[in-house]
Amino acid sequence: MKKSTNKTVLSLMAALMLSSTPVWASAKTISEEPEKIQTIQELDQVVKKSIKQLTELTRIEVLPYSEGKTRVVLSKEKGMKFPSADIIIDSKSGVIQEFDIRKKDIYSDEPANKEMAKEKGEAFLKKLLGDRADQYKVKEKIGTGGGDGTTDRHAWINISFNRVIDDIELKDDQYYLQINPNGDIIGMEKRNATSSDEELPKPEKLISKKQVEETLSKMIFSYISADDGRVVYLFNSTPYVNAETGEKIGTFQDTFYSDAYPANASGKKLVAHTPDEAAEILQSVLGFDVKGLTLAEEPDKDTLVYTWYKKDEAVAMVKTKDDQVLSVVIDDENKDDEKAAISPEKGQELAVKTLQKYLGDDVKELINKSWKTNKGPGIVIHYKIHQAHEGILVSDRTYSVTVNRATGKVTAIRGLGTTSDKLPDKDSIIDPETATKALLKETPLTLVYITEKTTGNEGDAYLAYTVDRDVRINGITGEREEE
């Protein structure tokens, strides 16, 4: 979503009904929930009163979007991207799920006017929802977009409003808005809870704050920055603790790592002083023969890259720094195969065993990042393996080993290099319990409702404690870390 519609919508809905007749399009009564469009007239009224920038967009396309949703595209003429608008509507209920107005960006070099964004957002919701807008409260964090990330320059302000029930925020009932520096609403996305209010637990039997703290101390994550020896405690994703049982609530955003294990490094780092030696490494490590290929040597900042071409296509690469090999990569001709010969677990074992052959004896421990994703394992998996120190992941020393599960072969190793002489002593690092106590002094425990939209599990509805995941604690001093 980024930028959205108008009276054009009258004819747009007529077109929509020609192809199919949603429940809402034939209704004759005025909805008690004004954001729900029950008639063609209401669609026109809702859009005109809420978004007044689209009267010039007279061309309408009604397109399939996804199951249960309809996409409406407004523009001046066919093929014109700017200005234009996308509206996504729930085909059954008539609720506008999101809109995006595409027009020339307006930039500001001043710090984001958060008060203006808050006022404009509240006014928009009031027009859209009527009195129900009072149930939505602005989130404290207001960000910007469309800039370079290093200055105040921005093209829009991101602001979210969450529904609150008896002073408890419902995380999955949210309006996310984008507002340009002139105060125009240029985008909206509606997030819907999957449980009704009646299905949400009542805040009656809550665990103690001490129990919450104990669970959080098992969830908090630590890492070391090899470049400066800094240790940081943080949460990789927003943590949720069941407010009734004290158990961790998993979400689809969770990231998992193995425990640290001995690196069992061979002590033999890969070194290539010449193109011939680089070619030998391709053969010995990945079984790739460069015979008949064209070689190019390309300096890249402080590295040297050997690349072999077949006609105009790069098919193999070795990157070095001061003759030490950093990466070995070949083009995988079997990457589109569909039938796997080995499991993801066997692929992980192969990745680790292959990597261990080329690690120096200065690497003592490793940690695996889980290969599991929401989409399931692909034929080609890029396994992430981190250096570790005293059981703690080293964030800026990460290896990537690519395995094709159809052939059972490694096709790339990236991230080989040096370790660090700035890694801290174990005795100087505070424990997770101490870090959690320090973090809770910086961000209060908050009681929230979460549903299936957060957990990814059908039927879930929880009352949970959470904290601000952006707060970080220095693992040496116990003080708050700046982001």
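In what follows, every heavy atom counts, from backbone to side chain, and hydrogens, waters and symmetry copies are set aside.
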Are side-chain N/O atoms of Thr407 and Asn334 paired as donor and acceptor at under 3.5 Å?
no

Indicate the atoms forming the closest heavy-atom contact of Glu213 with Thr436, along with that distance.
O-CG2, 3.8 Å

Between Leu326 and Leu270, is there a side-chain heavy-atom distance shorter than 4.5 Å?
no

In Å, rounded to the nearest 0.5 Å, how long is the span from NZ of Lys409 to OG1 of Thr354?
12.5 Å

Is there side-chain contact between Val241 and Met219, with at least one heavy-atom pair below 4.5 Å?
yes

Contact summary for Val328 and Ile281, nearest pair of heavy atoms
CG2-CG2, 4.0 Å

Flag side-chain contact, heavy atom, 4.5 Å: Leu286 against Thr411
no

So, taking the atom named CZ in Arg472 and the one named OH in Tyr233, what distance separates them when rounded to the nearest 0.5 Å?
15.0 Å

Chi angles and distances behind the side chain to side chain contact (heavy atoms under 4.5 Å, CB included) call for Arg397, Asp227
CA-CA 9 Å; Arg397 294 295 187 271; Asp227 289 340; 3.5 Å; yes

State whether a side-chain donor-acceptor pair under 3.5 Å links Asp173 with Tyr449.
no

Looking at residues at least two apart in the chain, or sitting in another chain, which of them share a salt bridge (charged side-chain N to carboxylate O under 4.0 Å, His left out) with Asp361?
none

Do Asp152 and Asp109 have side chains that approach each other closer than 4.5 Å (heavy atoms only, starting at C-beta)?
no

On a heavy-atom basis, the closest approach of Lys190 and Ile96 is CB-O, 4.2 Å

Leu350 side chain near Tyr383 side chain, heavy-atom distance below 4.5 Å
no

Going by atom type alone, with no hydrogens or angles, which donor-acceptor pairs under 3.5 Å involve a side-chain atom of residues 298-306 and a protein atom two or more places apart or on another chain?
residue	atom	partner	partner atom	Å
Glu298	OE1	Thr307	OG1	3.3
Asp302	OD2	Lys321	NZ	3.1
Thr303	OG1	Asp300	O	2.7

Could you report the tightest heavy-atom contact between Leu216 and Phe235, atom names first, then the distance?
O-CE2, 3.7 Å

Would you please say whether a donor-acceptor pair under 3.5 Å links the side chains of Asp425 and Ser428?
no

Is Thr274 reaching over with its side chain to a backbone N or O of Glu277, donor-acceptor style, under 3.5 angstrom?
yes

Thr443-Asp468 side chain donor-acceptor pair, cut-off 3.5 Å:
no

Could you tell me whether a side-chain N or O of Ser370 sits under 3.5 Å from a main-chain N or O of Phe256, the two making a donor and an acceptor?
no

Counting neighbours of CD on Glu333 that are heavy atoms of other residues, nucleotides or ligands and sit closer than 6.0 Å, is the number greater than 12?
no

Can you tell me how far the NZ atom of Lys384 sits from the OG1 atom of Thr255, to the nearest 0.5 Å?
13.0 Å

If we check side chain to side chain contact (heavy atoms under 4.5 Å, CB included) with Thr238, which of these qualifies: Asp254, Thr466, Thr454?
Thr466

His389 side chain to Pro424 backbone, donor-acceptor under 3.5 Å:
yes

In Lys453, Gln97, Gln174, the residue satisfying side-chain hydrogen bond (donor to acceptor under 3.5 Å, both in side chains) with Asn192 is Gln97

Over all atoms of both residues, closest heavy-atom pair of Ala263 and Gln356:
O-NE2, 2.9 Å

Should we say atom CD of Glu345 is surrounded by more than 12 heavy atoms from elsewhere, each under 6.0 Å from it?
yes

Any ion pair linking Asp289 and Lys291 (charged N to carboxylate O, less than 4.0 Å)?
no

Evaluate the criterion salt bridge (charged side-chain N to carboxylate O under 4.0 Å, His left out) for residue pair Asp86 and Arg71; output intermediate values, then yes/no.
CA-CA 7 Å; Asp86 263 5; Arg71 177 187 179 202; 3.1 Å; yes

Can any side-chain N or O of Glu365 pair as donor or acceptor with the backbone N or O of Glu390 at less than 3.5 Å?
yes

For the side chain of Asp172 and the backbone of Thr451, is there at least one donor-acceptor N/O pair under 3.5 Å apart?
yes

More than 12 heavy atoms of other groups within 6.0 Å of Lys437 NZ
no

Can you name the one residue among Val471, Ile473, Val467 that meets side chain to side chain contact (heavy atoms under 4.5 Å, CB included) with Leu440?
Val467

May I ask you to check whether over 12 heavy atoms, not counting those of Lys268, lie within 6.0 Å of atom NZ?
no

Can you tell me how far CZ of Arg414 sits from NZ of Lys319, rounded to the nearest 0.5 angstrom?
9.5 Å

Mark yes or no for whether Glu481, through its side chain, and Asn474, through its backbone, hold a donor-acceptor pair below 3.5 Å.
no

Is Asp331 salt-bridged to Lys310, going by a charged N under 4.0 Å from an acidic O?
no

Is Ser217 reaching over with its side chain to a backbone N or O of Glu433, donor-acceptor style, under 3.5 angstrom?
no

Between Ser160 and Arg191, is any pair of side-chain heavy atoms under 4.5 Å apart?
no

Is the distance between the ring centroids of Tyr257 and Phe221 under 6.0 Å?
yes

For residues Asp332 and Asn404, is any side-chain donor paired with an opposing acceptor at under 3.5 Å?
yes

Step by step, work out the side chain to side chain contact (heavy atoms under 4.5 Å, CB included) result for Tyr261 and Val352.
CA-CA 11 Å; Tyr261 59 91; Val352 172; 3.4 Å; yes

With heavy-atom distances below 4.5 Å as the criterion, would you say the side chains of Asp184 and Lys103 are in contact?
yes

Expected output: side-chain Gln324 to main-chain Gly417 donor-acceptor under 3.5 Å
yes

Could you check Thr70 against Tyr65 for side chain to side chain contact (heavy atoms under 4.5 Å, CB included), going step by step and ending with a plain yes or no?
CA-CA 5 Å; Thr70 300; Tyr65 184 69; 5.9 Å; no

Tell me, yes or no, whether the heavy-atom count around Lys120 atom NZ, taken from other residues, nucleotides or ligands under 6.0 Å, exceeds 12.
no

Does any part of the side chain of Trp371, heavy atoms only, come nearer than 4.5 Å to the side chain of Gln348, both counted from C-beta?
yes

Using the test ring pair (Phe, Tyr, Trp, His ring centres under 6.0 Å), find all partners of His154 that sit at least two apart in sequence or belong to another chain.
none

May I have the step-by-step check of side chain to side chain contact (heavy atoms under 4.5 Å, CB included) for Leu359 and Leu366, ending in yes or no?
CA-CA 11 Å; Leu359 294 179; Leu366 297 172; 4.2 Å; yes

Donor-acceptor check, side chain of Arg469 to backbone of Pro239, threshold 3.5 angstrom: yes or no?
no

Check Ile220 against Leu234 and note the closest heavy-atom contact, atom names and distance.
CG1-O, 3.5 Å

Between Asp396 (side chain) and Ala226 (backbone), is there a donor-acceptor pair under 3.5 Å?
yes

